[in-house]
Every structure is written in C-alpha cells, then in structure tokens.
Amino acid sequence: MSNYNTILILDDHLVVRKGVKLFLNEKFRSYVVYESENYPATLDIINRISFDIIFLDININGVENIKMMKEIKAVQPHVKILVFSSHEEKQYGLRYIQNGADGYLNKFCSEEKMEVALKQLLDKGYYYSESIKSKLETSSKTKNTDNPLESLSNREFEIAKLLVDGEGNLEISNKLDLKMSTVSTYKNRIFEKLKVNSVIALADVFKENS
C-alpha cells in the first residue's frame with residue numbers, strides 16, 4: 001500500500017495551481033501533486049490516476065458548473081472534493097457541499113486553514129467550517145432559511161450570478177448553451193422568487209447575502 005496521497009489541482013489560472021502546489025510541496029512531503037487547467041483534461045486524468053483529494057475551482061472560464069462534482073464522483077466515488085473558490089463561503093459554501101463537495105475553502109484563506117482542511121479531509125473524509133456546520137444543522141431541521149438565494153435551484157443560481165456579473169441574455173445563452181427563450185424564462189423565475197424587478201435589485205440581494 002502506498003504511503004503517498006495523490007492530489008489533483010483543477011484551476012484555469014496558472015498562478016493559483018503553482019501557488020497551491022508550492023504550498024503542498026513545502027508542507028506535505030508525502031503528497032504527489034498533479035495539475036489540470038480545464039475540465040476535459042481532468043476527466044482524462046481521473047480515468048487514469050486515482051486521487052485522494054481534488055482541489056476544484058468550480059468556476060472554470062467564467063461559468064459555474066456544479067455538475068462537475070457529480071461527474072467526478074461517478075468516476076472516483078471515494079475521492080474527496082475540496083472546492084477552492086474566490087466566492088464567499090456564506091453565499092456558496094453550503095450549496096456546493098449539498099451538491100457533492102466534501103469541503104469548501106476560499107482562495108484567500110490562511111495557510112493554517114488550508115492545512116487543517118487537508119488533514120481533516122484525509123482523517124475524517126470532510127472539512128466543514130463552523131459556519132457551514134451550523135448551516136447544515138439548521139437545514140437538516142428545517143427548510144426555512146434567512147438567505148433568499150438558497151431558494152434558487154442550481155441553474156437559477158448560476159444564471160442569477162451571471163446576470164449580476166453583467167452578462168446579458170445572449171451572452172448567457174452562448175455560455176450555457178441554452179436557448180434565449182429558456183434564459184428569459186429562468187430570469188423571470190429568478191426575479192419572481194427573489195421579489196425583484198431588475199438586475200440592479202438582484203445585485204443588491206447578492207450583496208446583502210454575501
């Protein structure tokens with residue numbers, strides 16, 4: 001049995017991959033670290049090499065893609081996925097964990113927190129911050145939430161984020177390979193759920209809940 005843990009870093013930014021790899025090589029001599037800059041390359045490598053942990057930037061090329069986690073787990077059910085994102089944990093962490101992630105870290109976290117997260121993933125099989133633990137406990141007891149964004153489906157949330165980022169219906173249609181009419185339907189549904197009538201008001205909801 002190998003004494004080495006294998007880790008894959010999936011991120012489309014070279015500086016992020018190299019930074020994480022440097023940290024891992026300095027802190028954990030028993031880790032073998034691989035890199036991938038896009039999702040197709042990741043699918044190829046996970047079909048050839050078994051991994052213990054995958055650092056996953058879920059926002060590749062500007063498009064959030066939650067389904068990557070389920071597809072990765074279908075190939076390697078026992079791999080631990082650590083979402084490594086620039087998004088705020090309050091807004092995104094619970095959603096990602098409920099959709100297959102085993103942990104969540106903000107890219108601006110301290111070295112100490114990253115070290116703790118990795119050790120817990122290997123020892124316990126998950127890493128949850130105190131904030132996420134509290135949200136998981138609350139969500140298991142009730143479906144009520146004080147964060148209106150959690151009422152959105154994954155696709156609705158993805159489109160809402162793109163709208164807030166300044167993307168129009170045409171750009172979203174092209175990015176997500178959806179019909180313009182479908183994007184419009186989602187947009188109307190998002191506005192209705194969040195009780196807003198403009199993208200500016202939508203942006204305020206994101207700001208207030210991040």
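We number each residue from 1, following the sequence as shown.
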Next on the checklist: Rounded to the nearest 0.5 Å, what separates atom NZ in Lys80 from atom CD1 in Ile53?
Outcome noted: 9.5 Å
Checklist entry - Does the side-chain contact (heavy atoms from CB on, under 4.5 Å) test come out yes or no for Tyr31 and Lys21, once each step is laid out? => result CA-CA 10 Å; Tyr31 286 12; Lys21 187 173 184 178; over 6 Å; no
Checklist entry - If Ile, Leu, Val, Met, Phe, Trp and Tyr residues are connected whenever their side-chain heavy atoms lie under 4.5 Å apart, and connections chain through other members, are Leu162 and Tyr186 in the same group? => result yes
Item to check | Nearest-0.5 Å distance that lies between atom OG1 in Thr182 and atom CD1 in Ile159 | outcome: 8.5 Å
Item to check | Test: Glu156 and Arg189 ion pair at under 4.0 Å | outcome: yes
Item to check | Heavy-atom pair of closest approach, residues Ala101 and Val83 | outcome: CB-CG2, 3.6 Å
Checklist entry - Does Glu171 come within less than 4.0 Å of Lys175, counting only side-chain N to carboxylate O? => result no
Item to check | Pairing of Glu130 and Lys133 as salt bridge, 4.0 angstrom limit | outcome: yes
Item to check | Check: Phe51 ring centre within less than 6.0 Å of Tyr34 ring centre | outcome: yes
Next on the checklist: Nearest 0.5 Å, please: how far is CE in Met68 from CG in Leu43?
Outcome noted: 9.5 Å
Next on the checklist: Main chain of Asp52, side chain of Asn5: is a donor-acceptor contact present, judged purely on distance under 3.5 Å?
Outcome noted: no
Checklist entry - Can you name the side chain to side chain contact (heavy atoms under 4.5 Å, CB included) partners of Ala41, sequence neighbours left out? => result Ser36, Asn38
Checklist entry - Can you name the closest pair of heavy atoms from Leu24 and Leu118 and give their distance? => result CD2-CD1, 3.3 Å
Next on the checklist: Tell me whether Leu14 shares a hydrophobic cluster with Phe84, the cluster being built from Ile, Leu, Val, Met, Phe, Trp, Tyr side chains joined at under 4.5 Å.
Outcome noted: no
Next on the checklist: Quick check: is Val32 connected to Phe28 through a chain of hydrophobic side chains (ILVMFWY, heavy atoms under 4.5 Å apart)?
Outcome noted: no
Checklist entry - Taking it one step at a time, do Glu158 and Arg155 satisfy side-chain contact (heavy atoms from CB on, under 4.5 Å)? => result CA-CA 5 Å; Glu158 183 178 26; Arg155 180 62 93 181; 2.9 Å; yes
Item to check | Polar side chain donor-acceptor pair, Glu71 to Tyr39, under 3.5 angstrom | outcome: yes
Checklist outcome for this item: Val205 and Pro148 have their tightest heavy-atom pair at CG1-CG, 4.0 Å
Checklist entry - With distance as the sole test, does Ser184 use its side chain to make a donor-acceptor pair with the main-chain N or O of Met180 at under 3.5 Å? => result yes
Checklist entry - If we only count heavy atoms from C-beta on, is the Lys179 to Ser173 side-chain gap below 4.5 Å? => result no
Next on the checklist: Please report whether the ring centroid of Phe206 lies less than 6.0 Å from that of Phe157.
Outcome noted: yes
Next on the checklist: If you count every heavy atom of other residues, nucleotides or ligands that lies below 6.0 Å from Leu170 atom CG, does the total exceed 12?
Outcome noted: yes
Checklist entry - Using a distance-only test with no angle check, is there a side-chain donor-acceptor pair under 3.5 angstrom linking Asp57 and Ser85? => result no
Checklist entry - Does Ser134 use its side chain to pair, donor to acceptor, with the backbone of Ser131 at less than 3.5 Å? => result no
Checklist entry - Got a sec: does the CG of Asn188 have more than 12 other heavy atoms crowding it under 6.0 Å? => result yes
Checklist entry - Has the side chain of Glu115 got a donor or acceptor atom that lies under 3.5 Å from a matching backbone atom of Lys27? => result no
Checklist entry - Which atom names give the shortest non-hydrogen contact between Ser151 and Leu194, and what distance separates them? => result OG-CD2, 4.1 Å
Checklist entry - Between the side chain of Glu150 and the main-chain N/O of Leu94, is any donor-acceptor distance below 3.5 Å? => result no
Checklist outcome for this item: Smallest heavy-atom separation, Tyr96 atom then Met69 atom, equals O-CE, 3.5 Å
Item to check | Rounded distance (nearest 0.5 Å) linking atom CZ of Arg95 with atom CG of Leu152 | outcome: 6.0 Å
Item to check | Option from Lys107, Lys18, Arg17 for which side chain to side chain donor-acceptor pair (under 3.5 Å) with Asp11 holds | outcome: Lys107
Checklist entry - Among the clusters formed by ILVMFWY side chains lying less than 4.5 Å apart, do Leu149 and Ile66 turn up in the same one? => result yes
Checklist entry - Step by step, would you call Tyr128 with Tyr104 a side-chain contact (heavy atoms from CB on, under 4.5 Å)? => result CA-CA 7 Å; Tyr128 302 150; Tyr104 181 91; over 6 Å; no
Checklist entry - How many angstroms lie between atom CD1 of Ile81 and atom CG of Leu8, to the nearest 0.5 angstrom? => result 10.5 Å
Checklist outcome for this item: CG (Leu202) and NZ (Lys195) are apart, to the nearest 0.5 Å, by 14.0 Å
Checklist entry - Does any non-hydrogen side-chain atom of Val16 lie less than 4.5 Å from one of Ile9? => result no
Next on the checklist: Set out, in order, the CA-CA distance, both residues' side-chain angles and the distance that settles side-chain contact (heavy atoms from CB on, under 4.5 Å) for Val20 and Glu35, then state yes or no.
Outcome noted: CA-CA 10 Å; Val20 173; Glu35 301 176 40; over 6 Å; no
Item to check | In one Ile/Leu/Val/Met/Phe/Trp/Tyr side-chain cluster, 4.5 Å: Val33, Leu10 | outcome: no
Next on the checklist: Given 3.5 Å as the limit, does a donor-acceptor pair link the side chain of Ser86 with the main chain of Asn106, or not?
Outcome noted: no
Next on the checklist: Does any part of the side chain of Lys161, heavy atoms only, come nearer than 4.5 Å to the side chain of Glu167, both counted from C-beta?
Outcome noted: no
